[in-house]
K.L.:
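Sharing a structure here in structure tokens format.
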There are 2 protein chains.
Amino acid sequence: MSHKWEPNLSVDCVIFGFDVDQLKVLLVERTLRTADKKKIVFSDLSLTGYHIYEDEDLDSAAARIVKDLTGLGNLVLEQFYTFGALDRLEHPNDKLWHEQFGDVFSNRVVTVGYFSLLPSTNVKIAQKGRVVKWYSVNEVLNMAFDHNQILEKALSHLRYKLQHDAIGLELLPDKFTLSQMQKLYEAVLGTSFDKRNFRKKVAQMNYVVPLKEKQKGVPHKPAQLYMFSRDIFIRTRKERPYFI
Amino acid sequence: MSHKWEPNLSVDCVIFGFDVDQLKVLLVERTLRTADKKKIVFSDLSLTGYHIYEDEDLDSAAARIVKDLTGLGNLVLEQFYTFGALDRLEHPNDKLWHEQFGDVFSNRVVTVGYFSLLPSTNVKIAQKGRVVKWYSVNEVLNMAFDHNQILEKALSHLRYKLQHDAIGLELLPDKFTLSQMQKLYEAVLGTSFDKRNFRKKVAQMNYVVPLKEKQKGVPHKPAQLYMFSRDIFIRTRKERPYFI
DNA sequence: ATAATTAGTGTAATAATTACAATAACTACC
DNA sequence: GGTAGTTATTGTAATTATTACACTAATTAT
């Protein structure tokens with residue numbers, strides 16, 4: 001099946017994962033070689049994006065991109081911002097990159113940013129001939145196009161959602177400990193919390209439910225395991241955040 | 001000066017105003033007449049939108065649209081969401097409307113939503129042959145295209161910003177009373193607050209500063225006037241909202 | 001002078017937040 | 001089997017924020 005796509009509209013997905021104590025983002029290597037393929041002109045990293053097809057809406061395009069790459073569906077996937085600066089494809093490397101595709105791209109591409117949360121960084125990445133890897137969000141500089149800017153905006157959106165929705169729990173495995181949860185919150189928000197106070201706060205979240213099960217095979221006191229109940233969360237959340 | 005515009009990209013602006021105790025939105029009448037202009041085929045309301053030009057970025061397009069309509073620049077103007085459903089222009093009236101323009105429109109138009117806050121509903125509206133009026137946000141049903149959906153999303157974004165930024169104060173006149181401010185919050189959030197508790201909360205906002213001036217010419221006890229200090233707000237706000 | 005209208009203020013009870021340190025449960029190693 | 005190493009778990013007192021609630025003050029219109 002081949003698709004006709006919109007020349008000046010794309011979707012870029014910022015795919016987040018959480019690994020031990022680091023927030024990660026899934027990136028694709030972009031390597032431009034000379035015509036004879038012998039030498040590398042440059043190599044850098046980019047988000048996972050693609051033009052949208054004429055017969056799909058924005059959410060579907062984002063879901064397709066994530067699915068193609070990770071094989072996973074049914075993930076958190078949320079639009080956060082649209083980027084349309086005139087110079088967003090104007091850096092020298094970006095121009096060289098586009099030249100290899102001839103003239104098929106519009107000189108103006110507006111991209112809609114989505115973020116997606118993966119519950120594990122262990123998923124099999126469907127590579128399709130491109131190198132796709134997890135990077136710590138703190139270590140990526142000089143990405144392709146305006147992708148550093150897009151990542152920054154995705155991060156601030158993620159931080160917001162973490163505090164106002166229960167969205168962070170989508171980044172944890174099905175069964176998790178409160179220490180894992182605390183490390184996630186600390187990694188995303190870039191703070192550290194007092195353990196007791198953190199637990200008091202979590203105790204108020206009735207949708208974080210203790211299981212009758214403990215960690216196994218750890219060389220120290222095993223922790224209580226918890227799960228996230230989407231049901232309870234949806235049923236009990238306040239509709240509007242309060243002002244007073 | 002004439003501009004070439006992107007065939008499948010537009011910006012729609014949701015322009016909010018506040019009048020006494022009602023949240024208003026600025027809308028344009030859309031009236032389709034028969035070829036001889038004698039009969040009205042249908043008439044409804046739409047947001048203020050336009051295609052973006054090839055040589056302007058998204059923020060500039062939004063600013064241009066608001067400026068053309070109200071003559072005002074330097075307003076709060078913020079992107080909130082992008083709408084790209086496949087059927088967003090597919091209702092019968094919308095098809096009829098587009099037919100009058102021949103085939104110049106793409107059958108797929110993705111629109112970027114912005115909202116803007118006007119400090120007064122008394123601005124002179126530059127009409128350019130179209131009827132533009134303020135409507136209470138509660139009274140608009142059956143708008144053109146997917147504009148009801150866009151308005152809904154703008155509203156929930158506004159509600160969020162009202163509570164996490166000081167953005168609501170952009171809807172008040174330069175000098176305002178605490179009762180006016182309370183009415184604004186009540187109108188936007190759809191709640192009512194206790195007067196004393198509301199004032200206690202406002203007292204914590206050091207960027208809402210009392211003036212050495214009172215209301216004049218009112219047939220009752222004149223209220224203290226306040227102003228919003230953008231300076232103090234920016235200088236003293238916490239960088240990140242807190243989790244704990 | 002009086003009525004009408006809106007402005008402005010305090011308090012006590014409850015709930016949330018903060019800062020802070022000792023004990024418990026497990027494994028690894030000797 | 002005992003000890004060291006490691007992470008998990010729990011409480012309290014002080015401070016601050018939130019809630020519910022009702023009377024007095026200042027002005028204009030009549």
Side-chain angles (χ1 to χ4, degrees), chain A residues 18-22 162-164 172-173 175-187 189 191-227 236-244, chain B residues 18-22 162-164 172-173 175-187 189 191-227 236-244:
Chain A
F18 180 67
D19 190 19
V20 190
D21 61 355
Q22 293 223 300
L162 192 66
Q163 296 175 79
H164 295 86
L172 293 170
K175 300 172 180 182
F176 56 87
T177 71
L178 296 186
S179 295
Q180 287 176 305
M181 180 173 169
Q182 184 173 346
K183 276 180 186 141
L184 166 65
Y185 275 71
E186 289 176 339
L189 302 177
T191 347
S192 66
F193 296 114
D194 175 81
K195 207 200 293 198
R196 279 172 291 190
N197 294 340
F198 183 86
R199 281 159 190 249
K200 253 179 268 180
K201 195 85 184 174
V202 174
Q204 297 174 50
M205 305 175 179
N206 54 0
Y207 48 86
V208 176
V209 296
L211 298 168
K212 292 188 186 106
E213 201 178 338
K214 294 190 168 193
Q215 254 183 334
K216 270 175 196 147
V218 286
H220 52 75
K221 176 171 177 178
Q224 175 72 240
L225 292 173
Y226 290 78
M227 64 169 278
T236 61
R237 73 171 147 191
K238 306 188 191 90
E239 263 316 291
R240 264 180 295 97
Y242 54 91
F243 166 67
I244 276 188
Chain B
F18 180 66
D19 190 18
V20 189
D21 61 355
Q22 294 224 300
L162 192 66
Q163 297 175 77
H164 296 86
L172 292 171
K175 300 172 180 181
F176 57 87
T177 71
L178 296 186
S179 297
Q180 286 176 306
M181 180 174 170
Q182 183 171 346
K183 276 180 188 143
L184 166 65
Y185 275 70
E186 289 176 337
L189 301 176
T191 347
S192 67
F193 297 115
D194 174 82
K195 202 201 296 195
R196 279 172 291 191
N197 293 340
F198 183 87
R199 280 158 191 249
K200 253 180 268 178
K201 195 85 184 177
V202 174
Q204 296 174 51
M205 305 175 179
N206 55 359
Y207 48 85
V208 176
V209 296
L211 299 168
K212 291 188 187 108
E213 201 178 337
K214 296 193 168 190
Q215 256 182 332
K216 270 174 197 149
V218 285
H220 54 72
K221 178 171 177 178
Q224 173 73 237
L225 291 173
Y226 288 79
M227 64 169 279
T236 63
R237 72 171 148 191
K238 306 188 191 92
E239 262 315 292
R240 266 179 296 95
Y242 56 90
F243 166 66
I244 274 187

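Letters A, B, ... are given to chains in the order of the sequence lines, protein chains preceding strands, and every chain is numbered from 1.
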K.L.:
On the side chain of B:Arg196, is there an atom forming a donor-acceptor pair with the base of D:dA20 - under 3.5 Å, no angle test?
P.N.:
no
K.L.:
Name the closest nucleotide to the A:Asn197 side chain, picking from C:dG10, D:dT9, C:dT18.
P.N.:
C:dT18
K.L.:
To the nearest 0.5 Å, what is the distance between CG on B:Leu184 and CG on B:Asp19?
P.N.:
11.5 Å
K.L.:
When you get a sec, tell me which of D:dC21, D:dA8, C:dT17 is the closest nucleotide to the side chain of A:Lys201?
P.N.:
C:dT17
K.L.:
Measure the OH-CG distance between A:Tyr185 and A:Leu172 for me, rounded to the nearest 0.5 Å.
P.N.:
8.0 Å
K.L.:
Please name the pair of heavy atoms, one in B:Lys175 and one in B:Glu213, separated by the smallest distance, quoted to 0.1 Å.
P.N.:
NZ-OE1, 2.9 Å
K.L.:
Given that A:Asp194 and A:Lys221 both sit by DNA chain D, which one's nearest nucleotide is further toward the 5' end?
P.N.:
A:Lys221
K.L.:
Once you round it to whole Å, what is the distance between P of D:dT9 and CD of A:Gln182?
P.N.:
11 Å
K.L.:
Mark yes or no for a side-chain to base donor-acceptor pair under 3.5 Å between A:Lys200 and C:dT18, with no hydrogen or angle criteria applied.
P.N.:
yes
K.L.:
For the side chain of A:His220, counting heavy atoms from C-beta on, which of C:dC20, C:dA24, D:dT6 is nearest?
P.N.:
D:dT6
K.L.:
What's the closest nucleotide to the B:Pro219 side chain, out of D:dA8, D:dT28, C:dA7?
P.N.:
D:dT28
K.L.:
Output the distance between atom CG (A:Leu189) and atom CG (A:Leu162), rounded to the nearest 0.5 Å.
P.N.:
5.0 Å
K.L.:
Does the side chain of A:Gln204 get closer than 4.0 angstrom to OP1 or OP2 of C:dT17 through an N or O atom?
P.N.:
yes
K.L.:
Please list, in numerical order, the residues of residues 209-217 of chain A that have a heavy atom closer than 4.0 Å to any atom of DNA chain C.
P.N.:
none
K.L.:
B:Glu186 side chain to B:Ser192 main-chain N or O, any donor-acceptor pair under 3.5 Å?
P.N.:
no
K.L.:
Where is the tightest heavy-atom contact between B:Asp21 and B:Ala187, given as atom of each residue plus distance?
P.N.:
O-CB, 3.7 Å
K.L.:
If you measure from NZ on B:Lys201 to CG on B:Asp194, what distance do you get to the nearest 0.5 Å?
P.N.:
13.5 Å
K.L.:
Check whether any side-chain nitrogen or oxygen of B:Ser179 sits under 4.0 Å from OP1 or OP2 of C:dT6, and answer yes or no.
P.N.:
no
K.L.:
Can you measure A:Phe176 atom CZ to D:dA8 atom C1' for me and round it to whole angstrom units?
P.N.:
16 Å
K.L.:
Rounding to a whole Å, what distance do you find between A:Phe193:CZ and C:dT17:P?
P.N.:
12 Å
K.L.:
Rounded off to whole Å, could you give me the CZ-to-C1' distance for the A:Phe198 and C:dA19 pair?
P.N.:
17 Å
K.L.:
Would you kindly give the CD-to-P distance between A:Gln224 and D:dT7, to the nearest whole Å?
P.N.:
19 Å
K.L.:
Is B:Lys195 side chain donor-acceptor paired with the C:dG8 base, going by distance under 3.5 Å alone?
P.N.:
yes
K.L.:
Go ahead and name the base partner of D:dT19; Watson-Crick or wobble counts if both distances stay under 3.5 Å, otherwise write none.
P.N.:
C:dA12
